[in-house]
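Order of the sequence lines sets the chain letters (A, B, ...), proteins ahead of strands, with each chain counted from 1. The structure presented is a predicted model; accordingly, all values stated were derived computationally and were not measured.
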Amino acid sequence: MNYWLLKSEPDAYSYSDLENAPNQRTLWDGVRNYQARNLLRDELRSGDLAFFYHSSCKEPGVVGVCRITATGITDPTSLDPASDYYDPKSSAENPRWITVEVEADRPLARTVTLKELKNYPQLEDMVLLNRGRLSVQPVTEDEWQFILGLAEQ
DNA sequence: GCCAACGTTGGC
DNA sequence: GCCAACGTTGGC
């Protein structure tokens, strides 16, 4: 099993929005970055776990855990001319944007803030801290366990 | 294929 | 609102 970190702006879609969604699941749509798309398409597997990270907000940080429940799904917003995420270069026959379904697993006992994550040498190689703008990114098992531990402090 | 201009992300 | 760090676009 692999671990990931998914960013979302809470004003657009927060962890509590996921908890309140039907079946506590949602399609992780709207990603329009090829590096992130390649991870969604090729690397994420059903059963993998991901941190839910709140970005561009008052207190950026990890707020919860979610689980990947389905993969290889064409992003429907890319085919919808009415969507902000519509991409005329994508089609049902040759989809350009592939995504996954996620399910809320559990909220962290507290938000582990970005500010705090920067303090620990154990996390200095985290993608989050070194490649700021990637919205889907891998987390190592050590990083995963360490951050879960922080949340319990 | 290079690279300048431009757009976006996201922390602060 | 600012701006650094990228990513994308498009002329050449």
Side-chain angles (χ1 to χ4, degrees), chain A residues 2-21 26-44 48-68 71-102 104-140 142-151 153:
Chain A
N2 289 311
Y3 300 101
W4 308 96
L5 182 146
L6 303 174
K7 288 185 191 173
S8 185
E9 300 185 19
D11 288 347
Y13 200 90
S14 69
Y15 189 74
S16 61
D17 288 333
L18 179 60
E19 290 181 309
N20 292 322
T26 194
L27 216 49
W28 204 256
D29 58 18
V31 173
R32 294 294 178 270
N33 169 284
Y34 287 103
Q35 254 186 293
R37 188 281 311 268
N38 292 346
L39 292 171
L40 290 169
R41 186 188 59 188
D42 303 332
E43 305 293 335
L44 275 71
D48 284 356
L49 294 176
F51 284 136
F52 197 112
Y53 178 89
H54 281 172
S55 66
S56 292
C57 58
K58 190 175 177 189
E59 197 173 53
V62 178
V63 298
V65 174
C66 54
R67 184 182 306 277
I68 311 305
T71 61
I73 302 163
T74 297
D75 183 338
T77 65
S78 69
L79 305 179
D80 176 6
S83 170
D84 288 344
Y85 299 111
Y86 177 59
D87 181 354
K89 293 174 182 164
S90 188
S91 67
E93 302 74 35
N94 190 16
R96 175 170 299 210
W97 302 107
I98 305 294
T99 192
V100 302
E101 182 191 64
V102 304
D105 184 67
R106 62 191 188 278
L108 296 191
R110 65 181 185 87
T111 298
V112 179
T113 64
L114 174 64
K115 185 173 185 232
E116 183 179 355
L117 296 177
K118 290 175 175 173
N119 292 334
Y120 298 102
Q122 293 93 326
L123 300 177
E124 67 184 4
D125 293 328
M126 248 194 114
V127 176
L128 182 71
L129 306 179
N130 293 288
R131 221 181 315 159
R133 302 190 313 146
L134 192 58
S135 65
V136 177
Q137 43 179 272
V139 174
T140 69
D142 285 349
E143 291 162 352
W144 182 270
Q145 299 298 344
F146 187 79
I147 291 169
L148 287 182
L150 289 178
Q153 286 177 19

Next item on the list: Counting heavy atoms from C-beta on, name the nucleotide in B:dC12, C:dG7, B:dG10 closest to the side chain of A:L114.
Entry: B:dC12
Check: A:E9 CD to B:dG10 P: how many Å, rounded?
Finding: 7 Å
Next item on the list: Find the distance A:E116:CD to B:dC12:P and express it as a whole number of Å.
Entry: 13 Å
Check: Please give, in whole Å, the distance from B:dC12 P to A:E59 CD?
Finding: 12 Å
Notebook entry, point to check: With sugar-phosphate meaning primed atoms plus P, OP1 and OP2, does A:Q35 contact a base, only sugar-phosphate, or nothing at under 4.0 Å between heavy atoms?
Noted result: sugar-phosphate
Notebook entry, point to check: If you look at every heavy atom in A:Y86 and A:D80, which pair is closest and at what distance?
Noted result: CB-O, 3.1 Å
Notebook entry, point to check: Within this structure, what is the CG-to-P distance between A:L128 and B:dG10, rounded to whole angstrom?
Noted result: 10 Å
Check: So A:F52 and A:W28, would you call those rings parallel, tilted or perpendicular, with 30° and 60° as cut-offs?
Finding: perpendicular
Margin query: Please report the distance, rounded to the nearest Å, between CG in A:D84 and P in B:dT8.
Written below: 12 Å
Next item on the list: State, without any angle test, whether A:D142 and A:T140 hold a side-chain donor-acceptor pair at a distance under 3.5 Å.
Entry: no
Next item on the list: Name the nucleic acid region contacted by A:S56, choosing base, sugar-phosphate or nothing; use a 4.0 angstrom heavy-atom cut-off, strictly under.
Entry: base
Next item on the list: Starting at atom CG of A:D87, determine the distance to atom C1' of C:dT9, rounded to an integer number of angstrom.
Entry: 14 Å
Item checked: Distance in angstrom units between A:R131 CZ and B:dG10 P, rounded -> 13 Å
Notebook entry, point to check: Under 4.0 Å: is that the gap between some side-chain N or O of A:Y34 and OP1 or OP2 of C:dC6?
Noted result: no
Item checked: A:E143 vs A:L5 side-chain heavy atoms within contact, under 4.5 Å -> no
Note to self: Are A:D11 and A:C57 packed together at the side-chain level, in the sense that at least one heavy-atom pair is separated by less than 4.5 angstrom?
What the structure shows: no
Notebook entry, point to check: Of the nucleotides C:dT8, B:dC12, B:dG10, which one has an atom closest to the side chain of A:K118?
Noted result: B:dC12
Notebook entry, point to check: Whole Å only: how far is the CG atom of A:N33 from the C1' atom of B:dG10?
Noted result: 13 Å
Check: Does OP1 or OP2 of B:dG10 have a side-chain N or O of A:K7 closer than 4.0 Å?
Finding: yes
